[in-house]
Each structure stands twice: as C-alpha cells, then as structure tokens.
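Everything on this sheet refers to the single structure shown next.
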Amino acid sequence: MKPDNRILDDYRYYLKVERAMSENTVSSYLSDINLFLSDDDIPEELENIDSGCMVGYFTKRVANDGLSKRSQMRILSALKSFFGWLQLEGLVHDNPCDGVPAPKLGRYLPSVLTENEISDIISSVDTSTWNGLRDRAILEVLYGCGLRVSEAAELKISQLFLKDGFVRVIGKGDKQRLVPIGDMAIDAIGSYLPVRPDPADSKSEDILFLNKFGRGISRISVFNMVKRQAVAAGVNKEISPHSFRHSFATHLIEHGVDLRAVQDMLGHESILTTEIYTHIDKKTWQSAFLEHHPGED
C-alpha cells in the first residue's frame, strides 16, 4: 500500500506538537508505520485492517526477520498510536491493535562497566588530536552526567554552566532538567573548546560536539567511538553509549546516593524505571520510599 502522505504528515504534526515527542521517536514511529502499510498482505483500505492482519504481520516478520520481542513491542506501540489517532480523526472505527496481545518482555539491562573499566576506556583516548580531546569530553559527559547519547550529541554550549557546576539538559519530549557536572568532565570540556572546529553554519554555532565538517556529531559516530575505545582499552563487553549512563546510575546507587536524586538526574518520570536501570530490587526501593515518606515517622 502507498501511504497517504497527507495523513502521515498530519500524524507527524500530532506526535510532535500534541504529544511533544522527540524527533527520533517520531521518525521511528513513522518508519514502522510506513513499513507496515507497505506490506503486500496489508489491505489498502485502512478500514479493512483488523487484528487478524496485525497478528499475521507480526507472525511473518518474526519468521522472516527474527523480530525480537522488544522490536515487536516498539512496532505495536507505534501502530496502536497511529490507529488510535485515526479513530480520533474519524478515519477508522476500530483500533485493530486492541486485539493483539503485547509480547512479554524480560528485564533488559545494558552492560554495567566497573569504575576501573570506565577509567580505562576514557584513558585509552589519544588526546594529542582535537578529535581525541572531543571524544574524551564526550565520554566524560556520558558518564559524569548520565546523559542519553542523543542528549550528549545535541548538547549546546549555552546549556553549560561550568562555573556553577551543572548543565541544562533537554531530554525526551523537550523536557528540561539540571544535572550536576563534575570536575573531570569540566576539565575535559575545557581542553576541547580551544580546539573545537569552526562551525559550518549558524545552526552549528551553539552545538558543543562538532565533527570535522563543523557540524554536530551524529549518534552513530558516538556509538562507533565508544565501541572503538572499549576495544582499545581491552574491555571485552558488548557496550554502547547507554552503558555509561547505566553505569553512572549504578555507581551512584552503590555509593549511597538517594534513588529519587538519581531519578531526577536521569530524567525518569517513574521511579520504577530508575529501579530497573540500577539493579535495585523491589524491597530496596520500597524501603527507600517509605523511609522518606512524610507519613512514615
């Protein structure tokens, strides 16, 4: 089926403006929706798509592509949102996703790096070059502030308040939070700024981490750099930039930082999300909550 561009453009506007979703999430949703609508076995008329079509689609994707449960959940979420919006617009009567059971996900935990492994990876960067100074600053910020890779890649100079010891982070849904930044990250940024490339255009002037062309470094480049430095440091774990964020949270909890404070620094809406990221079992976070609850004297 050839998707109706007008409908998809309206849906994109709905996600960005009314749902306040990030550009990355919007692009991911639309990619999954386009792939679904373009499948040969999906009816061309939206009204003719039912739960049986959905189940058949996922069955085929799992058989042909080895689709993981996490990917199934992501695609189902995108399609459920899309058809829910179509209902609101009066373009379909029913949401075909309502009859599709969501796959049960196990607890996913990225690799946790030890403090020594973090130090080894950061120390492995060759800081005799301008891009080496940049890469070290990126690693220090990923670990020192617990940022998502997109937050680090999009970090702006105007968001740095180094003398005051914090950065203003714009996270998912354009929500802002203040995160403390330590001396090592501050020093790394201070060493990088004098050799930062000239911005290619006005759009790039305020972006902190630039590539050799003077434009903002991409998320993929950060992923590749992290993997390259892990190999250089002899760290034999499957890691990504998110491993630094996860290790940041884990190490803070291990050193006694309050779970609520970690939740705020990570930008999590629910403390349950923070609990998953930091390996804290249910009894531990419940105890922490009750200990600080005003009704538990």
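Values below: every heavy atom of this structure, side chains too, minus hydrogens, waters and symmetry copies.
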Quiz item: In chain order, what residues pass the side chain to side chain donor-acceptor pair (under 3.5 Å) check against Asp126, with sequence neighbours excluded?
Solution: Ser128
Contacts table for residues 180-193: side-chain donor-acceptor under 3.5 angstrom, sequence neighbours left out:
residue	atom	partner	partner atom	Å
Ser191	OG	Asp187	O	3.1
Tyr192	OH	Leu208	O	2.7
Tyr192	OH	Leu210	N	3.2

Quiz item: With sequence neighbours excluded, what pairs up with Phe166 under the ring pair (Phe, Tyr, Trp, His ring centres under 6.0 Å) test?
Solution: Phe161
Quiz prompt | Counterpart residues, salt bridge (charged side-chain N to carboxylate O under 4.0 Å, His left out), relative to Asp10 (two or more places apart) | solution = Arg6
Practice problem: Using the side-chain hydrogen bond (donor to acceptor under 3.5 Å, both in side chains) rule, collect all pairs that involve residues 48-58, keeping only residues at least two apart or in two chains. | Solution: Tyr57-Arg61
Practice problem: Apply side chain to side chain contact (heavy atoms under 4.5 Å, CB included) to Lys16 and list each qualifying residue two or more places apart in sequence or on a separate chain. | Solution: Arg12, Glu23, Val26
Quiz prompt | Sequence neighbours excluded - ring-ring contact (aromatic ring centres under 6.0 Å, His included) pairs with any residue from residues 120-159 | solution = Tyr143-His251
Quiz item: Who pairs with Ser218 by side chain to side chain contact (heavy atoms under 4.5 Å, CB included), at least two apart in sequence or on another chain?
Solution: Ile220, Ser221
Quiz item: salt bridge (charged side-chain N to carboxylate O under 4.0 Å, His left out) with Arg177: which residues, sequence neighbours excluded?
Solution: Glu151
Practice problem: Sort and list the pairs that fulfil side-chain hydrogen bond (donor to acceptor under 3.5 Å, both in side chains) and have at least one residue in residues 206-216, not counting sequence neighbours. | Solution: Ser158-Asp206
Quiz prompt | Set of residues satisfying salt bridge (charged side-chain N to carboxylate O under 4.0 Å, His left out) with respect to Asp164, sequence neighbours excluded | solution = none
Quiz item: Taking only residues two or more places apart in sequence, or in another chain, which ones meet Phe82 in a ring pair (Phe, Tyr, Trp, His ring centres under 6.0 Å)?
Solution: Tyr11
